[in-house]
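Okay, structure first, notes after.
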Amino acid sequence: MARTSDAAGAAPKETMKQSARLLAEPPRVINVGLEGFAVELAAQGVTVVHVDWTPPAAGDPQLARLLGKLGT
Amino acid sequence: MPDLGAIIEKANAEALRRMLTGEPWLIDVVPARDVLPDFASPTILHAGPPVTWGRMCGPMRGAVTGIAVFEGWAESLAEAERMAETGAIAFEPNHHHDCVGPMTGMTTRGQMLLVVENRTFGNRAYCAINEGLGKVMRFGGNDAEVLDRIRWLTHELGPMLGAALRQMGGIPLKPLIARGLAMGDEMHQRNVACSSLLLRQLAPALARTATDSEALARALTFVGANDQFHLNIAMAMGKAIMDPVRGIEASSVVTAMCRNGTDFGIRVSGTGDRWFTAPVEMPQGLYFPGFTAADANPDMGDSTIVETIGLGAFAMGAAPAVVGFVGAGHPTEAARFTRSMREITVAQNPEWVIPAMDNYGVPTGIDIRFVVETGIMPTINTGIAHRKPGVGQVGAGIVHAPRTCFTSALVAFAETMGIA
């Protein structure tokens, strides 16, 4: 029980530290999907990694169902 | 319910095995009449999936009328046009007769054809001899200069090349491609290394078999000045590699991609010889001085067989110089194209590697499932023809295979697997 209390007590402190660090340092961004957001951030000097991702089969449910059955 | 994914993986492994174990050799140049059927009426084989005269684009029509005059079916281009309009000329795809052709892809019985034999499987594929750059029939050219060049290819250069190849016992093409990749070719819009390497091998045999030193000089000058001479050989090689991959039950690997200036077509191993077509897209690229996008014809040619075997835009990482030529960005972006194509392919080719990418094997075996799932369409490096007949090439660029070809192929493929 005591260990649980210690852990519970430490977690908010660590979270606060991380939050403070996040606000103190320049942002580093991972952008998923729409590349325009990454481009805009990069233009403002923000460190950004873009992940080229789209929904499977462009979001078409029938094609996604077929792909699921065909083993992708 | 059987594990369809495992069944497809096994079928695709067999497709890949056939692709990678093919041994294509350039063995001869022969009269087309020796290898094409004795058609009942004047017949022209063209690039791409089937298309009628009524739906043909401008440069395809220009080439049709030109080759009809070359064959002696018509006295003039106007007469040839009337023949085509009235059905006196029949049209069939090159792919239906073991052939391929760049851009308009005119193949007729009166021409000479390069022969590539796949010595592992025993099949052969054919392609006409590359005409060089500028005003040429593959881009819709059809005037006296164009026809005279084809006559010279037919009556002088073709027989000379054939004699040389027979004398030397043919040229193995896989090692040639491997060296070409290391020297900056991707074998679609850049063939300068492979053309040069080929000439180095051919020249002694040409000298031994030629009977006329002036004819020899013309042959060496023409081949030596034609940076794209090897393109048609690469295409026949691609066809010879892919034909044994056709018809493997449960394989989702693409066996052909081609376009006729109106439609883009693909074939998939597991669905046999059925075409899946969609309107062809317009290339995005750079134009020669004096021309703009308004002059451009939609994409055209059987040359996408090169991308089908992992070369062309799929091997862009080997050819940074091409990225600028086709207007696709900076040379440092070349590797990105190749890595992107890996997302939609079954494997990498361990024999065709790109030194500048730490010997990255070219992406090999396009899987329609991956194309539909990711939305990444095969990228193609291409030349751009003028939309009017008789003008010729106006630029170069890249184009993507249309998504509809792959979605309709996937639905049909699923049906063959028992899924509606």
Side-chain angles (χ1 to χ4, degrees), chain A residues 3-72, chain B residues 1-13 249-253 268-271 276 329 333 335-337 339-346 365-377 379 400 402-420:
Chain A
R3 282 200 301 275
T4 305
S5 296
D6 288 348
K13 281 184 188 172
E14 186 56 33
T15 304
M16 284 177 68
K17 272 192 202 170
Q18 286 176 351
S19 299
R21 207 163 51 229
L22 198 63
L23 294 172
E25 295 175 355
R28 290 168 292 168
V29 179
I30 298 171
N31 182 68
V32 180
L34 295 175
E35 193 173 9
F37 293 118
V39 171
E40 288 299 323
L41 287 168
Q44 295 175 52
V46 175
T47 302
V48 56
V49 173
H50 175 63
V51 178
D52 189 7
W53 181 87
T54 53
D60 183 316
Q62 193 212 344
L63 291 173
R65 183 181 62 82
L66 290 181
L67 287 169
K69 292 186 175 181
L70 294 172
T72 65
Chain B
M1 185 77 179
D3 183 350
L4 294 182
I7 293 169
I8 294 168
E9 295 303 320
K10 189 177 174 189
N12 287 349
E249 190 178 348
S251 171
S252 53
V253 165
V268 179
S269 182
T271 55
F276 300 96
E333 296 175 63
R336 181 171 60 82
F337 288 91
R339 289 204 176 89
S340 172
M341 293 301 98
R342 179 68 185 93
E343 299 286 321
I344 57 171
T345 45
V346 174
I366 301 165
D367 188 329
I368 58 168
R369 297 175 306 161
F370 300 160
V371 174
V372 174
E373 181 181 34
T374 63
I376 298 172
M377 297 298 120
T379 305
H400 293 98
R403 183 172 181 268
T404 306
C405 293
F406 294 89
T407 54
S408 56
L410 185 85
V411 171
F413 176 71
E415 285 172 5
T416 69
M417 301 299 292
I419 301 171

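Below, each value reflects all heavy atoms present in this structure, side chains not excepted, and no hydrogens, waters or symmetry copies. Labels below follow one simple rule: chain letters A, B, ... track the order of the sequence lines, proteins then strands, and each chain is numbered from 1.
- Between B:Arg403 and A:Ala57 the shortest heavy-atom distance is NH2-O, 3.2 Å.
- A:Asp60 has its side chain out of reach of B:Val372: every pair of non-hydrogen atoms, C-beta onward, lies at least 4.5 Å apart.
- Heavy atoms from other residues, nucleotides or ligands lying under 6.0 Å from CD1 of A:Ile30 number 12 at most.
- Taking every heavy atom of both residues into account, A:Lys69 and B:Leu4 meet most closely at O-CB, 3.5 Å.
- Residue B:Ala6 does not touch chain A at all, counting heavy-atom pairs closer than 4.5 Å.
- In terms of heavy-atom proximity, B:Val411 sits nearest to A:Leu63 at CG2-CD2, 4.2 Å.
- The local environment of CD in B:Glu333 is crowded, with over 12 non-hydrogen atoms from other residues, nucleotides or ligands closer than 6.0 Å.
- Both the backbone and the side chain of A:Thr72 come within less than 4.5 Å of a heavy atom of chain B.
- With a 4.5 angstrom heavy-atom cutoff, B:Phe406 does not touch chain A via any of its atoms.
- Contact between B:Ala414 and A:Leu70 at its shortest, heavy atoms only, is CB-CD1, 4.1 Å.
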